[in-house]
Each structure stands twice: as structure tokens, then as C-alpha cells.
Amino acid sequence: MNHRPDDLKALFQRLQERNVEREVEINRHFGTATADALRQRIHPVQNPMRGVPTLERGVFKSLTPMLRARFEYAGSWINATPGHTWLSTSEMEQIWDNTELLEQIGLRQADWANSPPASAPGNQVSVFSLNSQQCEEVYLLWDEALSCEPSVVSYISNYEEQFRNLADFVLFCTQ
């Protein structure tokens, strides 16, 4: 299924609404402090001049239509999914110099043989989202031979989920 930018914007808006619903539910069951910790915060849009950084220093992928829609909607999106920050392109680039995050990615590479960092070259993998406290990541896996859009692979709560593209991932997150 092809997704137009307007479709994706509507998906992002639905995710934002779903997060508010989750926050109310969490507040009701666990209290304000927990809900505050999971409150989403959307930072201003940045211009991803060079594209999307990969794990290989200095290598950028061109913005695809779906990723263009994502980065036109928000820069960094804290708690876009509970506990996860969807990174801005500048934050993705900062990973190259962040020893702690590189160690986290290295653990994924060592412990999950089929994970993107372990199974694909660094120039075909981007970190899309992080929860560094829980050692969880969401990756973009670039395979231009299969699709112009990268697939999405998430590692959350010791589970791996694979999605054909960003729209499928966002649809999953709105459930």
C-alpha cells in the first residue's frame, strides 16, 4: 500500500492523540508522576540537510517520501512511543560520538545475530528511536533493491518486531 504524505501526517496526528489517551490512562492507574515521565514532547522541525545518518560515520541516506513526512512533522519526538524518543537527524548523527549509545548498539549486535547492526553493513542501518534506559532501539534498515522506503525493526521489551515501512510501524504504534 502506498501512503501519501497527508496519510502519514494523519497517522502522526493519530499517534499523538493516542499518546494523550495513554497518558490519561496511566495517570488514572499509576499517578501523575508516572504519567508525567511518559508525557510526549515534540521539538521543532529541523532541516535534515544531508539526509538520514546511518551507523557508518559520514554516510547519509536520502529522505524518502515517508521519512520526509516524518521529519516535516517533528524534530525530536520524546515519548512518541512510551519511553522512546524518535530522534531528529542531528541526534542520529550525534550517535557517532556517543560512547554509551555505541556500546548499547554493540550489545544488540553481539546478542541478536539477526539484528540490523549485526546482519547489515553500517551504511544500511540508521537508529530511528531510542530508549537508552531500557536498552531498546528502533532501526531503519535500508535495502534499496527491495524498496525505496527502509523497513523498520524494533527491539522493545526483549521482542523484535519487523515492519515493511514507517507507515506500518506507526499504524502498529497507534493500537
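Numbers here simply count residues along the sequence, with the first being 1. All figures in this text were calculated on a predicted structure; none of them were measured in a lab. Note: hydrogens, waters and symmetry copies are ignored here, and every other heavy atom, side chains too, is used.
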Q: Grab the two heavy atoms, one from Gly58 and one from Trp96, that are nearest each other, plus how far apart they are.
A: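 The pair with the smallest heavy-atom distance is N-CH2, 3.1 Å.
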
Q: Membership question, hydrophobic clusters at under 4.5 Å side-chain separation (ILVMFWY): are Leu63 and Met92 in the same one?
A: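 Yes, Met92 connects to Leu63 through the hydrophobic network.
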
Q: Can you name the nearest heavy-atom pair linking Ser119 to Asn114, along with the distance?
A: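 The pair with the smallest heavy-atom distance is OG-O, 3.4 Å.
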
Q: With clusters defined by side-chain heavy atoms of hydrophobic residues (ILVMFWY) lying less than 4.5 Å apart, directly or transitively, does Val45 cluster with Phe60?
A: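 Result: no, two separate clusters.
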
Q: What do you reckon, is CD of Glu100 surrounded by more than 12 foreign heavy atoms closer than 6.0 Å?
A: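 No, the 6.0 Å shell around CD holds no more than 12 heavy atoms from other groups.
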
Q: I need the single residue from Phe163, Trp86, Phe169 that forms a side-chain contact (heavy atoms from CB on, under 4.5 Å) with Val138. Which is it?
A: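 Among the candidates, only Phe169 passes.
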
Q: Phe172, Val152: one ILVMFWY side-chain cluster at the under-4.5 Å cut-off?
A: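 Yes, Phe172 and Val152 fall within the same hydrophobic cluster.
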
Q: Which pair of non-hydrogen atoms, one from Arg18 and one from Cys173, has the smallest distance, and what is that distance?
A: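 Nearest heavy atoms, Arg18 then Cys173: CG-O, 4.5 Å.
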
Q: Identify the heavy atoms of Leu141 and Ala120 that sit nearest to each other, and give their distance.
A: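 Closest approach of Leu141 to Ala120: CD1-CB, 3.6 Å.
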
Q: Out of Leu166, Thr64, Val52, which one pairs with Pro150 under the side-chain contact (heavy atoms from CB on, under 4.5 Å) rule?
A: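 Only match with Pro150 under side-chain contact (heavy atoms from CB on, under 4.5 Å): Thr64.
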
Q: Treating Gln40 as the side-chain partner and Trp77 as the backbone partner, does any N or O pair qualify as donor plus acceptor under 3.5 Å?
A: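 No, the answer is negative, given that no donor and acceptor are paired below the 3.5 Å cut-off.
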
Q: Does the side chain of Thr174 come within less than 4.5 Å of Glu17's, by heavy atoms?
A: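 Counting from C-beta outward, Glu17 and Thr174 never come under 4.5 Å.
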
Q: Just by modelled atom types, is the Ser76 backbone N or O under 3.5 Å from a matching donor or acceptor in the Glu91 side chain?
A: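 Absent.
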
Q: Could you pull out the closest heavy-atom pair between Asn131 and Gln104, with the gap in Å?
A: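 Result for this residue pair: O-NE2, 3.9 Å.
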
Q: Considering non-hydrogen atoms only, spot the tightest contact between Leu101 and Asn98 and give its length.
A: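 For Leu101 and Asn98, the tightest heavy-atom pair comes out as N-OD1, 3.0 Å.
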
Q: Any side-chain heavy atom of Lys9 sitting closer than 4.5 Å to one from Gln13?
A: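 They are in side-chain contact.
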
Q: Could you tell me whether a side-chain N or O of Arg14 sits under 3.5 Å from a main-chain N or O of Leu171, the two making a donor and an acceptor?
A: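 Not at all, since once roles are kept as given, no pair shorter than 3.5 Å links the two residues.
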
Q: Is there side-chain contact between Leu8 and Val170, with heavy atoms separated by less than 4.5 Å?
A: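 SC-SC contact between Leu8 and Val170 ruled out.
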
Q: Hydrogens and angles aside, do Tyr155 and Glu136 bring a side-chain donor and acceptor to less than 3.5 Å of each other?
A: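 Note: Tyr155 and Glu136 side chains miss the donor-acceptor criterion.
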
Q: Determine whether a donor-acceptor pair (N or O, by modelled atom type, separation under 3.5 Å) exists between the side chain of Glu93 and the backbone of Pro53.
A: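 Absent.
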
Q: I want to check something: taking the side chain as every heavy atom from C-beta on, are Glu161 and Ile156 in contact at a cut-off of under 4.5 Å?
A: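 No, their side chains stay 4.5 Å or more apart.
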
Q: Please check this pair: side chain of Arg50 against backbone of Ser62, looking for a donor-acceptor N/O pair closer than 3.5 Å.
A: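 Pair absent, no side-chain N/O of Arg50 close to backbone of Ser62.
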
Q: With rounding to the nearest 0.5 angstrom, report the CG to CZ distance, Leu87 to Phe128.
A: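 So the gap between those two atoms works out to 8.5 Å.
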
Q: Whether the side chain of Ser126 engages the backbone of Leu140 through a donor-acceptor N/O pair (distance < 3.5 Å, no angle test) should be reported.
A: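 Looks like no, no N/O pair under 3.5 Å.
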
Q: Run the salt bridge (Lys or Arg N to Asp or Glu O under 4.0 Å) test on Lys61 and Glu56 for me, step by step, so that the C-alpha distance in whole Å, both residues' side-chain angles and the decisive distance to 0.1 Å come before the verdict.
A: CA-CA 11 Å; Lys61 296 291 187 177; Glu56 186 174 320; over 6 Å; no

Q: Report yes or no: does Gln124 contribute a side-chain atom to a donor-acceptor pair with the main-chain N or O of Pro121 at less than 3.5 Å?
A: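 No.
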
Q: In sequence, state the C-alpha distance, the side-chain angles, and the governing distance for Val153 and Gln162, and then conclude on side chain to side chain contact (heavy atoms under 4.5 Å, CB included).
A: CA-CA 5 Å; Val153 184; Gln162 296 187 18; 4.1 Å; yes

Q: Would you indicate whether Asn158, at its atom CG, is surrounded by more than 12 heavy atoms from other residues, nucleotides or ligands within a distance under 6.0 Å?
A: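 At most 12 heavy atoms, drawn from other residues, nucleotides or ligands, come within 6.0 Å of this atom.
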
Q: Any sub-3.5 Å donor-acceptor pair from Arg41's side-chain atoms to Ile78's backbone N or O?
A: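 Pair absent, no side-chain N/O of Arg41 close to backbone of Ile78.
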
Q: Can you check whether Ala80's main-chain N or O pairs, donor with acceptor, with Asn19's side chain at less than 3.5 Å?
A: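 Yes; judged by distance alone, with no hydrogens or angles, the pair exists.
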
Q: Is it the case that Glu137 and Tyr139 place a side-chain donor and acceptor less than 3.5 Å from each other?
A: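 Side-chain D/A pair, Glu137 to Tyr139: present.
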
